[in-house]
Amino acid sequence: MEDEEIDMEDIEAMEEMEDLEDIGELIPAFANYYRSVPVSFVRNTILDWYPDITAKQFDSVLESVAGEPPDADIVVVTKNVKEPQLVKWSFFAEDDSSYARFLKHRKDLPFAIRSEEEILDGDNDDGIRYDISETQALYYFAHKELGLDCEEAWDMVSDTMSSQERALWFNESWVIDFIKSSAFKGTLRFKAPEQFRRFRDLGNNMYRNLPNPYLRGWKPAEFENPPALPDDFPKTKADMIRIMREVLGKLEIYNGGEKIDTSQMSDETFYRLLGDLNRIPNLTARFK
């Protein structure tokens, strides 16, 4: 009988150790899923899933997995927040204030409550959910229909997601943001309007059905009235000129060795310039 009790204690100790190891994986997964989340929310959620684990044990595991890089991928932020926040280190980026910008633009919503499986499924370093059908559909479009190689196709998916996040900052169409960023990089690959519309629709579908850290882990499709999705090219000449001014404003254009200053041009002069760009001999093929 005594031996049996010892065996049970050993089993319980092993189960507790396994639970603590699971929590050690879950804590960084919360940071990856939400990018930034109150420690209290993480603690309460995990303790609901693991009722035999105490708050003291949770805090001990948290202390072991959160810290300073390169020893840890997540940090606990206490400054300038109402309560301690669990934050993905690469997203925190203390040196370029991206975390402060993130908090400024984050929507005022309750945190989306997900299952343990969903939190773990969303745990990856680059933020792309490779296992989601909407993500895969956009990838296969870029790979098969646009002819991009595997790396380029995933880059298009990543650039689309980045544009969608920035759209929540500035209340602008993610498609327009994508066009501008692709123009800067020289990676616009659409050969026909039908291809662009296909990309736009696949991107919208991905946007609606992926959890968004700026929406505190909610998917836009889960709202009764999801955020607006302006989803096409600018419809007026004035809109087009505004976008092109932003694009060209980042580049240096020369004609016969003399730099062209577009900032002082009227819209009509600028519009005529757009038609002349292809005739400038020293303009790079990539920019054309």
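A donor-acceptor pair shorter than 3.5 Å cannot be found between the side chains of W49 and D22. Defined by atom type and a distance below 3.5 Å, a donor-acceptor pair is missing between the side-chain atoms of Y214 and Q164. Counted by atom type alone, N32 and K88 present one or more donor-acceptor pairs between their side chains at under 3.5 Å. N205 and D201 share no donor-acceptor pair across their side chains, judged by distance under 3.5 Å alone.
Side-chain contact between L26 and Y50 is present, with heavy atoms from C-beta onward closer than 4.5 Å. Counting heavy atoms from C-beta outward, P38 and K82 have side chains that stay 4.5 Å or more apart. Two residues are said to be in side-chain contact when any heavy atoms from C-beta on lie closer than 4.5 Å; I46 and I53 fail this criterion. Taking 4.5 Å as the limit, every side-chain heavy atom of I113 sits out of range of all side-chain heavy atoms of T45. At a threshold of 4.5 Å between non-hydrogen side-chain atoms, the residues I119 and E116 do not count as touching.
With hydrogens and angles disregarded, no donor-acceptor distance shorter than 3.5 Å links the side chain of S60 to the backbone of K56. Formation of a donor-acceptor pair under 3.5 Å by the E118 side chain with backbone atoms of S115 is found in this model. Side chain of R208 to main chain of G203: no donor-acceptor pair is present (N/O by atom type, distance under 3.5 Å, no hydrogens or angles). Under a 3.5 Å cut-off, the side chain of S158 and the backbone N or O of D155 do not form any donor-acceptor pair. Remark: the backbone N or O of K191 is paired with a side-chain donor or acceptor of Q195 at under 3.5 angstrom. Under the 3.5 Å distance criterion, the side-chain polar atoms of H143 are left unmatched by any main-chain donor or acceptor of A153.
Atom-to-atom distance recorded for M156:CE and L202:CG is 10.5 Å, nearest 0.5 angstrom. To the nearest 0.5 Å, the span separating CG on L20 from CD on E25 amounts to 12.0 Å. Between the CD atom of E165 and the CG atom of L210 there is a distance of 10.0 Å, given to the nearest 0.5 Å. Atom CD of E152 sits about 10.5 Å away from atom OH of Y139, to the nearest 0.5 Å. Atom-to-atom distance recorded for R106:CZ and D108:CG is 11.0 Å, nearest 0.5 angstrom. In this structure, CZ in F178 is found 10.0 Å from OG in S162, a value given to the nearest 0.5 Å.
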| task | List the steps and the verdict of side-chain contact (heavy atoms from CB on, under 4.5 Å) for T160 and Y207. | result | CA-CA 9 Å; T160 301; Y207 173 85; over 6 Å; no

| request: Step by step, work out the salt bridge (charged side-chain N to carboxylate O under 4.0 Å, His left out) result for R216 and E222. | output: CA-CA 12 Å; R216 302 192 184 221; E222 291 173 326; over 6 Å; no

| request: Check step by step if side-chain contact (heavy atoms from CB on, under 4.5 Å) holds for N212 and W218. | output: CA-CA 6 Å; N212 195 301; W218 292 98; over 6 Å; no

| said: Let's go through V87 and I74 carefully: what are the C-alpha distance in whole Å and the side-chain angles of both, what is the deciding distance for side-chain contact (heavy atoms from CB on, under 4.5 Å) to 0.1 Å, and is it a yes or a no? | reply: CA-CA 6 Å; V87 182; I74 62 170; over 6 Å; no

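The local environment of CD in E194 is crowded, with over 12 non-hydrogen atoms from other residues, nucleotides or ligands closer than 6.0 Å. Heavy atoms of other residues, nucleotides or ligands lying less than 6.0 angstrom from CD of E83 number more than 12.
Across K219 and N209, no two heavy atoms sit closer than the pair CD-O, 3.5 Å. The two atoms that bring Q85 and S36 nearest to each other are OE1-OG, 3.4 Å, heavy atoms only. Among all heavy-atom pairs drawn from L215 and P220, the shortest one is CD1-CG, 3.7 Å. The two residues P211 and G217 make their nearest non-hydrogen contact at CB-O, 3.4 Å. In this structure, V61 and I23 approach most closely via the heavy-atom pair CG1-CG2, 4.0 Å. What you find for E134 and I132 is that their closest heavy atoms are OE1-CG2, 2.7 Å.
The salt bridge (Lys or Arg N to Asp or Glu O under 4.0 Å) test applied to D159 returns K185, not counting sequence neighbours.
Across Y33, F102, Y34, a single residue satisfies side-chain contact (heavy atoms from CB on, under 4.5 Å) together with P213, and that is F102.
Under the 30°/60° scheme for interplanar angles, the aromatic rings of F30 and F41 are found to stand perpendicular. Using cut-offs of 30° and 60° on the angle between ring planes, the pair F199 and W174 is perpendicular.
The pair R197-E145 does not count as a salt bridge, with every side-chain nitrogen at least 4.0 angstrom from each carboxylate oxygen.
Residues Y130 and W154 bring their aromatic ring centres within 6.0 Å.
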